[in-house]
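Down below is the structure, laid out as structure tokens.
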Amino acid sequence: MGHKIRVEVNGRVVEREVEAHTLLVHFLREDLALTGTNVGCETSLCGSCTVWMDGEAVKSCTQLAVQADGTTVTTIEGMRTGDEMHPMQQAFWEEHGLQCGYCTPGMIMATSALLKHNSNPSEGEIREALKGNVCRCTGYHNIVKAVQRAAQGGS
Amino acid sequence: MFLNPFEYHRAGSPQEALDLLNRHEGAKLIAGGHSLLPLMKQQLAQPTALIDIGRLAELSGVEKQGDSLRIGALTCHAELASSGMLATHCPILAEAAAKVADPQVRNKGTLGGNIAHADPASDLPAVLVATGATLDLMSPQGVRQVRAVDFFVGLLETDLAENELITAIHVPVLGQGSGSCYLKAEHPASGYAVCGAAVVVELGADGNAAAIRLSFNGLATTPVQCFPVVGALTGTDLADEAIDTAVNSLLSVEDPLGDIYASGEYRVQLAKVYCRRALKIARDRARG
Ligand SMILES: Cc1cc2nc3c(=O)[nH]c(=O)nc-3n(C[C@H](O)[C@H](O)[C@H](O)COP(=O)(O)OP(=O)(O)OC[C@H]3O[C@@H](n4cnc5c(N)ncnc54)[C@H](O)[C@@H]3O)c2cc1C
Ligand code: FES
Ligand code: FES
């Protein structure tokens, strides 16, 4: 049986019918074609599927689309303003905080959520906040530097 | 990884959640979904219907009621970790919630779901036992109260009946002269507790330990309390050497849990180390 859900995704209200067992990440990628959100492990361990639900970072592989009904969801596609990258995206670019880029959308969503709660995190706090995000390429060093740069307003 | 089909109903009130549970054979409640959905993906749970209680605002939040705090079952770990009310009146629960997994999981996982799931590697069960918490379990017949220590009965097994809902958790206020601490040896990949030590110490007017409560995650299928250590240290001034001697000689667990990550013997060794450290930290916090 389909369930009608209404979700505000990246500032746009969408109404769709979904199956109860559709995961939020599949809804975003397949129904809305927002393929920026990646799927890595599907077991809530790698963080590549991180999006914001009502402004907080969550793993969209461990959430049903029906659970998102009535919420506001932000994905990596919703981060830029016009042609301007989000300061965190810009900082990842400048610090080379990515190699293959697979983990990056999740990293951006997780780290920019961190800065909403803690505008000037220490290196330890950044690493702690990234506990749920795995990167197999970079060794995290430049990711941490990118978050520090974004926290300092990109300077 | 795909889920098998199931029906989905969102409850508008705790009463409606119970009605829906009652009407759907094989249904399960879903709160944050962070224990249940992983189980369903592995087909270890295959509910016919999910009753979503995630939106029941009346089951969320922390408030002070006399000498205890009432914590709604749907309060998520992130909210517990940042609660000013908990920081003041029951800091050990905030400390433990902050150590659950990672920020994303803490934004979705709830206290009620954590204890209903009753994973021996979870962080919050031992903390509720050590603080002397009581749970409100609601069924169509009304609400009954169960002590946390009686709630956990086995591996992923609790005293919760199929037609019951956890609505709230009551933890006594830890007042002046008390100190608490939760430490864990966490699994490096999943973040779950290989062993977690929850300690509450209450000092009397003479500065000696008037009451001590210890509880451990990860050692057995349910939280383990270690009464011989408690007995040896109660009434003492909790000197470092006394703590070391009591824990080293008296902390033991019959048939401890063991798995491919950590043998039973290793877990007991971890428990000794973390118990000694947590006792000293709790003591120092109690002294203020
Ligand atoms: C990657 C990962 C790492 C984790 N690491 C840790 C960790 O380090 N420490 C830790 O403690 N936990 C950990 N967890 C578990 C996490 O804390 C879960 O969120 C929590 O255990 C379950 O809460 P939930 O609201 O998501 O429950 P759900 O998954 O929604 O439900 C779990 C079970 O509880 C039942 N239930 C839920 N709410 C109620 C209620 N109010 N009344 C009656 N029954 C109810 C459901 O029917 C279901 O059987 C981890 C989880 C993940 C995915
Ligand atoms: S795909 Fe969701 S955490 Fe890995
Ligand atoms: S950049 Fe390749 S996984 Fe992180």
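Below, read A as the first sequence line, B as the second, and so on, with proteins coming before strands; counting in each chain starts at 1.
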Should we say atom [atom1] of [X] is surrounded by more than 12 heavy atoms from elsewhere, each under 6.0 Å from it?
{"X": "A:Y140", "atom1": "OH", "value": "yes"}
{"X": "B:E25", "atom1": "CD", "value": "no"}
{"X": "A:R80", "atom1": "CZ", "value": "no"}
{"X": "A:H141", "atom1": "NE2", "value": "no"}
{"X": "A:E30", "atom1": "CD", "value": "yes"}

Using heavy-atom distances under 4.5 Å, tell me whether [X] contacts chain A through its side chain, its backbone, both, or neither.
{"X": "B:L50", "result": "side chain"}
{"X": "B:R106", "result": "neither"}
{"X": "B:A189", "result": "backbone"}

* Is it true that a side-chain atom of B:K41 and a backbone atom of A:E42 form a donor plus acceptor pair closer than 3.5 Å? -> yes
* Asked: Are the side chain of B:R10 and the backbone of A:Q67 linked by a donor-acceptor contact shorter than 3.5 Å?
  -> no
* Contact winner vs chain B - A:L130, A:L23, A:T22, heavy-atom pairs under 4.5 Å -> A:L23
Please report the shortest heavy-atom distance between [X] and [Y], naming the atom on each side.
{"X": "B:G32", "Y": "A:Q63", "value": "O-NE2, 3.1 Å"}
{"X": "A:A20", "Y": "B:Y8", "value": "CB-CB, 3.5 Å"}
{"X": "B:S190", "Y": "A:L45", "value": "CA-CD2, 4.1 Å"}
{"X": "A:A129", "Y": "B:P103", "value": "O-CG, 3.5 Å"}
{"X": "B:N107", "Y": "A:V58", "value": "CB-CG1, 4.3 Å"}

* To do: Measure the spacing between CD of B:Q42 and OG1 of A:T43 and express it to the nearest 0.5 Å.
  => 8.5 Å
* What distance separates A:K131 NZ from B:K99 NZ, expressed to the nearest 0.5 Å? -> 9.5 Å
* Is any side-chain heavy atom of A:K59 less than 4.5 Å from a side-chain heavy atom of B:V105? -> yes
* Does the side chain of A:L64 come within less than 4.5 Å of B:L3's, by heavy atoms? -> yes
* May I have the step-by-step check of side chain to side chain contact (heavy atoms under 4.5 Å, CB included) for B:K108 and A:M53, ending in yes or no? => CA-CA 10 Å; B:K108 275 289 150 197; A:M53 244 174 108; 3.9 Å; yes
Give, as side chain, backbone, both or neither, the part of [X] having an atom under 4.5 angstrom from any heavy atom of chain B.
{"X": "A:C41", "result": "backbone"}
{"X": "A:H26", "result": "side chain"}
{"X": "A:T50", "result": "side chain"}

* Asked: Under the side chain to side chain contact (heavy atoms under 4.5 Å, CB included) criterion, do B:F6 and A:H21 qualify, and how do the steps go?
  -> CA-CA 7 Å; B:F6 49 82; A:H21 61 275; 3.5 Å; yes
